[in-house]
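Here the structure is laid out as structure tokens; the discussion comes afterwards.
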Amino acid sequence: MSDYRKTLNLPKTDFSMRANLPEMETRIQQFWEEIALYREVQALRKGGTQYILHDGPPFSNGDIHLGQALNKVLKDVVVKYKTMRGFDAPFVPGWDNHGLPTEMAAIRTFDIDRHRIHPTELRERSAETARHYVGVQRDQFRRLGVRGDWDSPYLTMDPEYEASVLEVFEKFVEHGCVYRGLKPVHWCPECETALADAELEYGEAASLSVYVRFPVVTVSGDAFGTLPAVGAVSFAVWTTTPWTLPADVAVAVHPDLEYVLVKTPEEHLIMARGLLGDTMSAIGIGQYEVVAAAEGGGLEGSKLRHPFAGREVPVVIADYVTLEQGTGCVHTAPGHGREDFETGQRYGLPTLQPLDGRGVFTEEGGKFAGLSHTEADPKIVDEMAQRGTLMKSEEYRHQYPHCWRCDSPVIFRATKQWFVDLSKFTARALDEVEQVEWVPPWGRLRIRGMVEDRPDWCISRQRVWGIPIPTLYCEECGRELLSLDVIGRAVEAVRKGGSDAWHSTPIEGLVPSGTSCQQCGGSRFRRERDIFDVWFESGSSHAAVLKTRPDLRWPADLYLEGHDQYRGWFQLSLWNALIGQGGRPYDTVLTTGFVLDAEGRKMSKRLGNAIDPQDVVRDLGAEILRLWVSYIDFKEDIPTGHDIFDQVVDGYRRLRNTMRFMLSNLFDFDPDREAVPRTQMREVDRWALDRIARLLERLTGAYEQFEFHQVYHRVHEFCAVDLSQIYLDLLKDRLYTYPPKSPDRRSAQTALWVMATSLAKVLTPILSHTCEEIWQHLPGWEGQERSVQLADWPDLSEWRDEELGERWRQGVVPYFEQADRAVEQLRQRKVARQPMEAELALYCSEEMWQTLVEALGLDELAAASGVSQVRHGGPVEAAPEDAYQAEGNEPMRIAGRRLEDDKCDRCWRRQPSVGTDSRHPGLCARCVEYVTA
RNA sequence: GGGCUCCUAGCUCAGUUGGCUAGAGCGCCGCCCUGAUAAGGCGGAGGUGGCUGGUUCGAGUCCAGCGGGGCCCA
């Protein structure tokens with residue numbers, strides 16, 4: 001009997017069931033290399049409407065992490081989708097080379113002592129590091145299957161790019177919004193250098209904690225009613241850094257907190273009610289009474305006497321004042337604190353800066369001049385004790401930032417920095433924000449908030465690895481010189497020789513002859529050594545990249561980054577483009593959530609819950625990572641974990657095997673010659689095509705809305721339900737047992753071919769490698785593109801059949817589930833252990849029966865029911881007692897019985913006709929006909 | 001502490017303008033098949049919709065508060 005197996009058209013394909021993805025992907029990627037796919041696609045889409053996705057540059061300072069992998073794959077999905085839709089959608093990847101992360105990577109890699117190394121050498125080492133990691137990351141991104149112009153990416157350290165940044169700066173200067181001012185920065189007095197946040201290490205340190213009286217001169221309005229004798233009333237202030245008191249210019253209170261006037265045996269004190277008890281016990285006063293209360297807001301403008309400097313200081317409002325510690329009255333020294341500084345800016349207070357680079361008090365420090373800040377601490381306390389303004393002093397241990405190199409405690413010190421005044425662009429910026437499409441929509445709200453309360457932008461950094469700020473200082477008086485001429489020369493020099501040219505060009509080459517200091521008239525200058533904030537560089541990418549490359553255009557259609565970039569790249573690119581180019585740099589901004597672990601916590605190397613994309617690619621394959629990207633909703637927080645990847649692997653298998661089944665049944669199909677015209681197709685095949693046509697419309701919509709997870713979930717469901725459970729299952733009988741060239745079989749193959757090619761196309765943006773592999777295993781046809789990525793987006797609208805689809809949805813598809821249940825009941829009752837042993841009798845209206853028979857035909861109705869035979873038993877009422885009661889709109893009952901007919905050796909169906917032909921005693925009549933034909 | 005945001009079965013997602021017993025796939029358990037076979041089919045269990053209160057004839061869907069997670073600030 002097994003002889004008949006040879007007469008069947010069993011599926012055949014080289015498309016393996018197990019993918020061995022890592023191996024397959026490299027083979028496919030090699031193929032892409034060979035045909036220069038990126039160029040091919042670009043050439044093909046040349047002339048199409050441009051769609052510019054501008055790549056946000058990652059730092060070139062290490063291997064790519066999962067978030068970056070996610071980001072690039074998403075961009076790849078967008079770009080591939082767009083090109084298949086006919087757009088000219090180039091993808092130019094970029095890297096952010098400058099800045100502290102790379103400088104630190106270089107210091108680590110080369111074990112550099114940054115206090116000894118010459119800046120030029122540190123720049124060289126940093127450049128080397130950056131180049132190295134650009135190469136590493138490029139390979140890693142390519143390994144993910146990301147298609148782009150990898151041969152000519154943009155690098156922020158390219159001289160051309162650097163020159164463009166300086167040109168943007170030039171525009172800023174033209175607008176007159178660049179100025180030099182004071183700003184407190186973390187400063188290491190040992191190393192005498194500014195420190196970035198990343199260079200701080202927090203550790204325990206001892207400080208002097210002091211409670212200090214700020215005697216009241218006047219209190220605003222009648223906040224506390226009638227005050228007792230002035231002079232006997234003080235604001236109680238607490239601080240752990242007495243050495244910052246010489247720079248104090250104000251006391252801050254919270255506008256909404258309640259403040260009280262407290263009477264003690266000796267005096268009256270003012271502090272927050274919420275801290276009254278703590279403060280009193282700290283300063284050792286047991287007997288006191290509250291005599292009046294007022295909201296902090298009402299105290300604004302009160303005048304106090306500095307505890308030892310003699311000057312008057314105002315009471316100001318600040319919402320960062322809390323009840324966690326202290327008295328609720330916060331000592332404010334704009335020169336020594338970031339918040340203090342902003343408060344000072346708001347009130348127009350002076351920024352006192354009495355410390356030099358070594359942390360030693362200058363003349364401005366008055367009687368403390370010459371003392372280091374640590375030496376001054378006790379002296380200041382003594383001074384206040386003598387003047388009677390000290391209430392309490394004690395040692396205090398707390399977490400305090402230390403220098404990462406020398407481990408000494410750092411200080412906050414006001415230094416001169418370059419700023420950009422953004423205030424006059426705020427209205428324009430908000431206007432542009434409204435023009436942009438933010439996805440998801442709440443992005444607008446978020447960026448609006450940031451634009452609205454944006455302080456002036458400090459663009460200078462005291463670092464080495466970056467683009468120099470092309471300004472000068474007078475050698476005589478130290479006054480800065482902002483000159484368009486000088487910037488112009490810098491642009492030219494940098495364009496030729498890179499950033500180093502600014503440092504190496506003789507000063508005469510940078511200073512136009514006749515230049516003189518605006519302040520003292522001096523004619524000798526030295527160059528600025530500070531560099532730009534890296535955000536200024538990357539924020540200029542729209543100009544440096546979009547405006548300079550012929551394959552791109554300004555502004556971009558899309559920026560796509562993590563939602564941390566609202567404050568970062570999105571915002572700073574916006575200001576930069578607004579001031580530099582007069583408009584927004586993007587039309588749409590799409591943001592992704594953050595990659596979290598399975599418990600929803602952030603991923604970090606420290607927690608040890610980070611997943612390395614390189615591991616995923618090596619162990620599971622890039623396709624799994626790509627599928628994961630479309631498995632989750634990337635706009636929300638993104639949960640990850642090995643179990644999630646396992647699920648993605650399962651999902652991949654389902655997709656792959658469904659595709660494999662279709663491919664394997666197309667082994668003898670020639671789409672050019674054997675495709676069956678729509679009118680001659682079996683109805684069930686047309687139903688399947690209507691289903692996929694309908695699916696395709698939804699998928700296209702999902703791509704348009706950047707809802708890629710909808711693509712995955714809908715395709716997966718389609719493969720599992722419409723195909724595996726229903727269509728492919730019922731097709732087997734026809735595909736395997738019918739004569740190879742019979743129109744009925746070709747009809748099925750036509751449908752399979754349309755579905756397979758369409759699915760391969762619509763999944764290409766996501767499963768690029770697998771779809772390419774499918775493409776290579778499909779039966780070839782006239783005009784088939786070399787790569788599926790060169791194909792057009794499928795249009796299956798011709799296969800839509802509204803009437804048929806509706807009829808099936810109502811009257812046919814629901815039957816399948818009912819049949820399954822009826823069969824299950826037979827199995828439960830042990831009527832038939834195997835469904836193929838059974839026959840079903842449907843008890844329903846004649847009309848209902850006709851609908852099913854006309855839709856499927858008797859053979860396929862049985863196949864779809866999973867049994868050997870199906871017949872109409874009669875009206876519902878005629879059904880036997882134990883018949884299954886079908887659910888649904890119309891009444892139907894399904895009875896079943898075990899067939900006594902023999903099983904056909906060929907088609908496995910139990911048919912009465914088995915054995916009627918003496919030549920083939922084991923076959924049913926249908927199989928005899930096919931075999932003898 | 002502030003701005004924005006998220007919280008539906010073990011997991012990832014659906015649920016149209018508030019309206020019938022809240023769905024899918026995966027996973028799990030049981031069965032069948034061995035002509036998709038390191039596949040495939042059938043069935044089953046599994047949800048106080050983060051919690052509390054409110055608006056409404058009716059809320060997963062609207063409002064308020066609380067709890068937990070995330071990003072960015074502080």
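Lettering follows sequence order; numbering is per chain, from 1. Please read all numbers here as calculations on a predicted model, not as lab measurements.
- A:R926 pairs by the salt bridge (charged side-chain N to carboxylate O under 4.0 Å, His left out) definition with A:D733, A:D859, not counting sequence neighbours.
- Of the listed nucleotides (B:C32, B:G35, B:C71), B:C32 has the atom at the smallest distance from the side chain of A:R833.
- Atom NZ of A:K635 sits in a crowded spot, with more than 12 heavy atoms from other residues, nucleotides or ligands closer than 6.0 Å.
- Between the side chain of A:R660 and the base of B:A36 there is no donor-acceptor pair of N/O atoms closer than 3.5 Å.
- The strand RNA chain B forms stems, runs of 3 or more Watson-Crick or G-U wobble pairs with distances below 3.5 Å, at B:1-7 with B:67-73, B:10-13 with B:23-26, B:28-32 with B:40-44, B:50-54 with B:62-66.
- No donor-acceptor contact under 3.5 Å links the side chain of A:T13 to the base of B:A36.
- Residue A:R906 is classed as a base contact, given a heavy-atom separation below 4.0 Å to a base.
- Comparing A:E342 and A:Q647 by the nucleotide of RNA chain B whose heavy atom lies nearest to each, the residue mapping closer to the 5' end is A:Q647.
- Counting to the nearest Å, the P atom of B:C72 and the CG atom of A:D564 are 5 Å from each other.
- Following rounding to the nearest Å, A:L10 (CG) and B:A36 (C1') show an atom-to-atom distance of 11 Å.
- At a threshold of 4.0 angstrom between heavy atoms, the contacts of A:P440 with the nucleic acid are absent.
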Would you list the atom pairs, donor with acceptor, under 3.5 Å between side chains in residues 441-450 of chain A and any protein atom, with sequence neighbours excluded?
from, atom 1, to, atom 2, distance (Å)
A:R444, NH2, A:E434, O, 3.1
A:R444, NH2, A:V436, O, 2.6
A:R448, NE, A:E434, OE2, 3.2
A:R448, NH2, A:E434, OE2, 3.0

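- Atom-to-atom, CH2 of A:W438 to C1' of B:C4 comes out at 13 Å; the value is rounded to the nearest Å.
- Of the candidates A:H713, A:H709, A:H716, A:H713 is the only one forming a ring pair (Phe, Tyr, Trp, His ring centres under 6.0 Å) with A:Y631.
- Qualifying side chain to side chain contact (heavy atoms under 4.5 Å, CB included) partners for A:V931, counting only residues two or more places apart in sequence or in other chains: A:T7, A:R906, A:H920, A:L923.
- Listed by chain and number, the residues in a salt bridge (charged side-chain N to carboxylate O under 4.0 Å, His left out) with A:E817 are A:R821 (sequence neighbours excluded).
- A:L8 comes within 4.0 angstrom of a base, heavy atoms only.
- Residue A:T737 has its side chain nearest to B:G35 when only B:G35, B:C71, B:A14 are considered.
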Under the criterion side-chain contact (heavy atoms from CB on, under 4.5 Å), I'd like the reasoning laid out for A:H336 against A:T241: C-alpha separation, chi angles, the key distance, then a yes or no. CA-CA 10 Å; A:H336 295 306; A:T241 49; over 6 Å; no
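- Residue A:F594 is classed as a sugar-phosphate contact, given heavy-atom separations below 4.0 Å to backbone atoms only.
- Straight-line distance from the CG atom of A:D729 to the P atom of B:A39: 17 Å, rounded to whole Å.
- Across B:A74, B:G41, B:U12, the shortest atom-to-atom separation from the side chain of A:S724 is found for B:G41.
- Judged by atom type and distance alone, A:R446 reaches the base of B:C71 through a side-chain donor-acceptor pair under 3.5 Å.
- Centroid-to-centroid, the aromatic rings of A:Y559 and A:W569 come within less than 6.0 Å.
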What side-chain donor-acceptor pairs closer than 3.5 Å can you find for residues 651-664 of chain A, not counting sequence neighbours?
from, atom 1, to, atom 2, distance (Å)
A:Y652, OH, A:R656, NH1, 3.0
A:Y652, OH, A:T770, OG1, 2.8
A:R653, NH1, A:D650, OD1, 3.1
A:R654, NH1, A:S724, OG, 3.0
A:R656, NE, A:S16, O, 3.0
A:R656, NE, A:M17, O, 3.4
A:R656, NH1, A:E773, OE1, 3.0
A:R656, NH2, A:S16, O, 3.0
A:R656, NH2, A:S16, OG, 3.4
A:R656, NH2, A:E773, OE1, 3.3
A:R656, NH2, A:E773, OE2, 3.1
A:N657, ND2, A:R653, O, 3.3
A:T658, OG1, A:R654, O, 2.7
A:R660, NE, A:F15, O, 2.8
A:S664, OG, A:R660, O, 3.1
A:S664, OG, A:F661, O, 2.8

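- The CD-P distance, from A:Q565 to B:G70, rounds to 19 Å in whole Å.
- Of the listed nucleotides (B:C73, B:A24, B:G70), B:A24 has the atom at the smallest distance from the side chain of A:E717.
- Rounded to whole angstrom, the span from the CD atom of A:Q825 across to the P atom of B:C32 amounts to 18 Å.
- Distance from the side chain of A:P835 is smallest for B:C32 among the nucleotides B:C32, B:C4, B:C13.
- In this structure, a donor-acceptor pair under 3.5 Å is present between the side chains of A:T244 and A:H331.
- The interatomic distance linking A:M17 (CE) with B:A39 (P) rounds to 5 Å, in whole Å.
- With B:G40, B:C72, B:U12 as the candidates, the nucleotide lying closest to the side chain of A:R654 is B:G40.
- Residues A:Q749 and A:D668 bring a donor and an acceptor atom of their side chains to less than 3.5 Å of each other.
- Partners of A:E452 under the salt bridge (charged side-chain N to carboxylate O under 4.0 Å, His left out) rule, at least two apart in sequence or in another chain, do not exist in this structure.
- Distances were taken from every side-chain heavy atom of A:Y736 (C-beta onward) to each of B:G35, B:C4, B:U12; the shortest belongs to B:G35.
- A donor-acceptor pair shorter than 3.5 Å cannot be found between the side chains of A:Q571 and A:Y566.
- Taking atom CG on A:L695 and atom C1' on B:A24, their separation rounds to 14 Å, with Å as the unit.
- For the residue pair A:Y736 and A:N665, no side-chain donor N or O sits within less than 3.5 Å of a side-chain acceptor on the partner.
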Protein within reach of the bases, or only the backbone? For nucleotides 63-69 of chain B, mark each nucleotide 5' to 3' as B, S or -, using heavy atoms under 4.0 Å. ------B
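- Here A:P739 pairs with A:S742, A:Y930 under the side chain to side chain contact (heavy atoms under 4.5 Å, CB included) rule; sequence neighbours left out.
- Every residue two or more places apart in sequence or in another chain was checked for a salt bridge (charged side-chain N to carboxylate O under 4.0 Å, His left out) with A:D643, and none qualifies.
- Closest to the A:R653 side chain, of the nucleotides B:U34, B:A39, B:U12, is B:A39.
- The listed nucleotides are B:A36, B:A14, B:U34; the one nearest the side chain of A:P11 is B:A36.
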I'd like a list of close polar pairs between nucleotides 42-46 of chain B and the protein, N/O only, cut-off under 3.5 Å.
from, atom 1, to, atom 2, distance (Å)
B:C42, O2', A:E824, OE1, 2.6

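- Using a 4.0 Å cutoff on non-hydrogen atoms, the parts of residues 661-669 of chain A near RNA chain B are A:F661, ordered by number.
- Heavy-atom distances to RNA chain B give each of A:D646 and A:H713 a nearest nucleotide, and the one nearer the 5′ end belongs to A:H713.
- Among the nucleotides B:U12, B:G35, B:C26, the one closest to any side-chain atom of A:H716 is B:C26.
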